[in-house]
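In what follows, a single structure is set out as structure tokens and then discussed.
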2 protein chains.
Amino acid sequence: MTSLEITNWQDLQSEFLNRIQSRQWKPGELIPNEADLADEFGCARATVNRALRAVADTGLLVRRRKAGTRVAVHPVRKATLSIPMIRSEVEARNQSYSYALISLDTKKPAANVRAKMGLDKTAKALHVRALHLADGKPYVYEDRWINLATVPTIGAVNLEIQSANEWLVANAPFTEGDIAFSAASADAIVAEIMNVDLNEALFVIERNTWNNGASITSVRLTFAPGYRIHTTI
Amino acid sequence: MTSLEITNWQDLQSEFLNRIQSRQWKPGELIPNEADLADEFGCARATVNRALRAVADTGLLVRRRKAGTRVAVHPVRKATLSIPMIRSEVEARNQSYSYALISLDTKKPAANVRAKMGLDKTAKALHVRALHLADGKPYVYEDRWINLATVPTIGAVNLEIQSANEWLVANAPFTEGDIAFSAASADAIVAEIMNVDLNEALFVIERNTWNNGASITSVRLTFAPGYRIHTTI
DNA sequence: GAGTGGTCTAGACCACTGT
DNA sequence: CAGTGGTCTAGACCACTCC
């Protein structure tokens, strides 16, 4: 019983989404296997597979070998968001980007940073603090630690001119990373640097990156008031 | 010149990542086309395609027909984050989940909500305010508008018992959605409801969903202090 | 126009896992 | 053990877009 002869995986994906949404396929229910669906739509199994994988990637289907494919009971929607370089982000808003180094030292990091970066107690790291500006106004305050053992050449870079952010993106590719989003009140230091009120609510991104297990950098980015990250689901 | 006879797309992906990371393929550079790579690794072009697509999905490669595949100059890393139901999120932390309805009215929403939901000036919507608790402590304050034209059956649901969040996830699947993350200061109302200090920095998620262009709901979730979203890159 | 990625096919074998 | 999804292949045609 070919219903419509869909031979294109994106149309198939839409059809599957419709069936889930219209409850023709109900939460928790087993849906037909790939071979049957391929038969129904008059296309190859690989095409059905591609479409089903795409839907499963959004969290609406759960697939297991032998057990088959089921409609997720508690759909966990997944959102993909892009994390651009700060300069790109500012320029994408048609604002002029500028950058100012605040401080630069080589010293032993505090215990929490040391732990995140997997440094031993005596190890020193490069501490960089900088301000990124959009149209001359504070946009992001960057507080960063860089592992000199992993990225020794950073020592030769003039961080007054080029931000560590940019240099690292271009010169220290990473294999693993984690990222966290949170909210924090401006403390006295941040309030002064960013020219905001004390205790103002600011958006914070913390990121750690590794290259094959070796820590590269740990950074905390504090954004100006009003900042938001937006994406579609 | 077969280098190693890799016939599995995930190994191929690793190999490509290595080449990018080791700068054997430099930023901005054109890499060999799919046919040549298939030849080099002794596999089918479809396999190379799958691996290259996977890398391109992470933002490290940029692919264009006829123009070929290039290593991204300014890699825009993409992070995927899961957005579970609040109950699942609390239970995943091994905390007990509970829920309390704060208010429930049918009325005309403010202009900003009306615009987001595409309602006309006279339309009323269901306004639900509720508190989600983890181990009895405020976890999320939910301020939600629901489009009665799209989801009329919500009227028959007892929202004292079941949260709108859960009911909608189970009964009003959506086809499009957007989501935004930001930071906000607790105002007097939120401070009292969540038992936090006035102006405390809180993490906020705003989400709007549509079903085939018809707005379903618009919600603002304000999280307890310390909340963070975490993911790997 | 021609080169590249995007996709589809038909068939095959494999890997996992429920029974 | 057997059923299901996961993947690979070889070949084909198409869609896009740079030149």
Between A:Glu89 and A:Arg93, is there a salt bridge with N-O shorter than 4.0 Å?
no
Can you check whether B:Tyr139 and B:His132 have ring centres sitting under 6.0 Å from each other?
no
Tell me the salt bridge (charged side-chain N to carboxylate O under 4.0 Å, His left out) pairs involving residues 215-233 of chain A, sequence neighbours left out?
A:Glu206-A:Arg220, A:Arg228-B:Glu206
Mind listing the residues from residues 62-72 of chain A sitting with a heavy atom below 4.0 Å of DNA chain D? Number order is fine.
A:Arg63, A:Arg64, A:Arg65, A:Lys66, A:Gly68, A:Thr69
For DNA chain C, which residues of residues 49-58 of chain A approach it to below 4.0 angstrom with any heavy atom?
A:Arg50
Are A:Glu91 and A:Arg87 within salt-bridge range, i.e. N to O under 4.0 Å?
yes
Does any N or O in the side chain of B:Glu166 come within less than 3.5 Å of the main-chain N or O of B:Met85, such that one atom is a donor and the other an acceptor?
no
Going through the checks in order, is the side chain to side chain donor-acceptor pair (under 3.5 Å) test met by A:Tyr99 and A:Glu142?
CA-CA 10 Å; A:Tyr99 161 84; A:Glu142 170 179 351; 6.0 Å; no
Between B:Ser218 and B:Met117, is there a donor-acceptor pair closer than 3.5 Å when you use the side chain of the first and the backbone of the second?
no
Where each residue is assigned the nucleotide of DNA chain C containing its nearest heavy atom, which of A:Arg45 and A:Asn8 is assigned the position nearer the 5′ end?
A:Asn8
Would you be so kind as to tabulate the donor-acceptor pairs closer than 3.5 Å made by side chains of residues 148-160 of chain A, with sequence neighbours excluded?
unit_1   : atom_1 : unit_2   : atom_2 : d
A:Thr150 : OG1    : A:Asn147 : ND2    : 3.0
A:Thr150 : OG1    : A:Ser215 : O      : 2.6
A:Asn158 : OD1    : A:Glu160 : N      : 2.8

Qualifying side-chain hydrogen bond (donor to acceptor under 3.5 Å, both in side chains) pairs with a residue from residues 45-57 of chain A, counting only residues at least two apart or across chains
A:Glu34-A:Arg45, A:Glu34-A:Asn49, A:Asn49-A:Arg53
Shoot me the first and last contacting nucleotide of DNA chain C against chain A, ordered 5' to 3', at under 4.0 angstrom to non-hydrogen atoms.
C:dT7 to C:dG18
State whether the number of non-hydrogen atoms from other residues, nucleotides or ligands found under 6.0 Å of B:Arg64 atom CZ is greater than 12.
no
